[in-house]
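Step one of this worksheet: look at the structure below.
In what follows, every heavy atom counts, from backbone to side chain, and hydrogens, waters and symmetry copies are set aside. Chain identifiers are assigned alphabetically (A, B, ...) following the order of the sequence lines, protein sequences preceding nucleic acid strands; residue numbering begins at 1 within each chain.
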There are 2 protein chains.
Amino acid sequence: MDSTVATRLQQFIQTKGLRNTPQRDAIVEAIFSSDEHFTADELWDRIRKTQSKSSRATVYRTISLLVEAGLLHEIDLGDDQKTYDPNFIDSPAHNHLVCIDCGKVIEFEDDNIRLLNDCAARRLGFRASKQSLKIEACCEALRLHGRCDNLIEARIQGKRLPKHR
Amino acid sequence: MDSTVATRLQQFIQTKGLRNTPQRDAIVEAIFSSDEHFTADELWDRIRKTQSKSSRATVYRTISLLVEAGLLHEIDLGDDQKTYDPNFIDSPAHNHLVCIDCGKVIEFEDDNIRLLNDCAARRLGFRASKQSLKIEACCEALRLHGRCDNLIEARIQGKRLPKHR
DNA sequence: GTTATTGCAAATGATTTGCACAAGG
DNA sequence: CCTTGTGCAAATCATTTGCAATAAC
């Protein structure tokens, strides 16, 4: 886990007059020891498989805390549940590409896109503070050769598949 | 209401072997006679104020139908409820800018942005089929002069305000 | 007639909350 | 101690669904 997370979280906790608890630590660890996106309940499952104990309510509450602290971002994957992304600390301005065949999510950064969006906002008389770009796309592999390797991988791993199509 | 809607909806209904009903007509009319975004329950309220009658369930079912037909788009405004946008027929590739002060949503099109996103997808080995760009921003007016006209307007109209900030 | 559609009320499922108890600082 | 945090179970709230009645075509 990036030590930046620990530092920034400590700062947030201090400032707000909050406390350190083993449950919170375990949840934060579970989130930031991976770069995977997750829903609240997926995280709760992940926690249960460790030796540490936390109630579902605490998981929800900690997620809210981290979002408020700006360490975790809520993203829209077209899912019904809220999805969270722990990678905004390392890549503060990344975008998402979602494969409509297998649901795989690819993160990428692009300064030109960011800049162009910034300009668009300015032209409308605003100052952009946050951009969220999601591109839904199909892999050329599937279109050209009738197979999406990600799709097979996703099936094996039992991942949530997209509802579209 | 754009006659394109009626035509495309008829086509969809025919193809799928569905039927025309006064409830459906009234809901479709309520949606496309305005360019406002709405949640399912806001729409249900709108319908209730007319002489036509529809149950809440039918409103939900009709919305799903229109989304499936591609006539209505589900968009993410960072809200907890799903928000729908009826303007994708007139502007098939528009983006959203949300004022973080008043929650006002501004729609805009930008071919350069669309093109750049397309390229980004291609570079990753994909073919983009849908782009969703949301820019959260604050108005310069508020930042420079301490007042956001949209905010006042929003308060008067009793609009849902953003949760952020 | 046959099949899709409706309305109602009940079910669902994710998220939140009230409250009594536990435990940081 | 004093206050925040936790766990549990109950509550909430948007959305979905089963079913009997209704209405397209």
For this session: Check the distance between dT15(D)'s P and Lys82(B)'s NZ and give it to me in whole angstrom.
Result: 6 Å
Exercise. Looking only at side chains, do Glu109(B) and Asn95(B) share a donor and an acceptor under 3.5 Å apart?
Worked result: no
For this session: Using five pairs at either end of the helix from dG1(C)-dC25(D) to dG25(C)-dC1(D), determine the angle between the two local helix axes and round it to 10 degrees.
Result: 30°
For this session: Using a 4.0 Å heavy-atom cut-off across all strands, classify Lys16(A) as base, sugar-phosphate, or nothing.
Result: nothing
Problem set entry | Asp85(A) and His94(A) side chains, donor-acceptor separation under 3.5 Å | yes
For this session: Could you tell me the separation between the CG atom of Asp25(A) and the C1' atom of dT6(D), rounded to a whole number of Å?
Result: 14 Å
Exercise. Do the rings of His37(B) and His96(B) sit parallel, tilted or perpendicular, given the 30° and 60° boundaries?
Worked result: perpendicular
For this session: Look at the side-chain N and O atoms of Tyr60(B) and state whether any lies under 4.0 Å from the OP1 or OP2 oxygen of dT16(D).
Result: no
Exercise. dG5(D), dT16(D), dG7(D): which one has an atom nearest the side-chain heavy atoms of Ser55(A)?
Worked result: dG7(D)
Exercise. To the nearest Å, how far apart are Lys53(B) NZ and dG7(C) P?
Worked result: 10 Å
For this session: Inspect the contact between Lys82(A) and Asp76(A) and indicate whether a charged nitrogen and a carboxylate oxygen are less than 4.0 angstrom apart.
Result: no
Problem set entry | Polar side-chain atom of Gln131(B) near backbone of Arg114(B) as donor-acceptor pair, under 3.5 Å | yes
Problem set entry | Distance below 4.0 Å between Arg24(B) side-chain N/O and dT5(C) OP1 or OP2 | yes
For this session: Whole angstrom is fine here: how far is it from CD1 in Ile27(A) over to P in dG5(D)?
Result: 12 Å
For this session: Can you tell me the distance, in whole Å, between the CH2 atom of Trp44(A) and the P atom of dG13(C)?
Result: 18 Å
Problem set entry | Heavy atoms from other residues, nucleotides or ligands near CD of Gln10(B) exceed 12 (cutoff 6.0 Å) | yes
For this session: Take nucleotides 17-25 of chain D nucleotide by nucleotide from the 5' end and write B, S or -, depending on whether a protein heavy atom sits under 4.0 Å from the base, only from the sugar-phosphate, or from neither.
Result: BB----BBS
Problem set entry | Donor-acceptor pair, side chain of Gln14(A) and main chain of Gln11(A), under 3.5 angstrom | no
For this session: For Thr50(A) and Arg46(A), indicate whether the former's side chain and the latter's backbone hold a donor-acceptor pair under 3.5 Å.
Result: no
Exercise. Any chance the side chains of Thr58(A) and Ser55(A) put a donor and an acceptor closer than 3.5 Å?
Worked result: yes
Problem set entry | Atom-to-atom span, CG of Leu43(B) to P of dT15(D) - whole angstrom | 11 Å
Exercise. Of the candidate nucleotides dG7(C), dT15(D), dG7(D), which contains the atom at the shortest distance from the side chain of Gln81(B)?
Worked result: dT15(D)
Seminar exercise, completed: Asp76(B) CG to dA14(D) P, in whole Å, measures 17 Å
For this session: Would you mind reading off the distance between Gln14(A) atom CD and dG24(C) atom C1', rounded to a whole angstrom?
Result: 13 Å
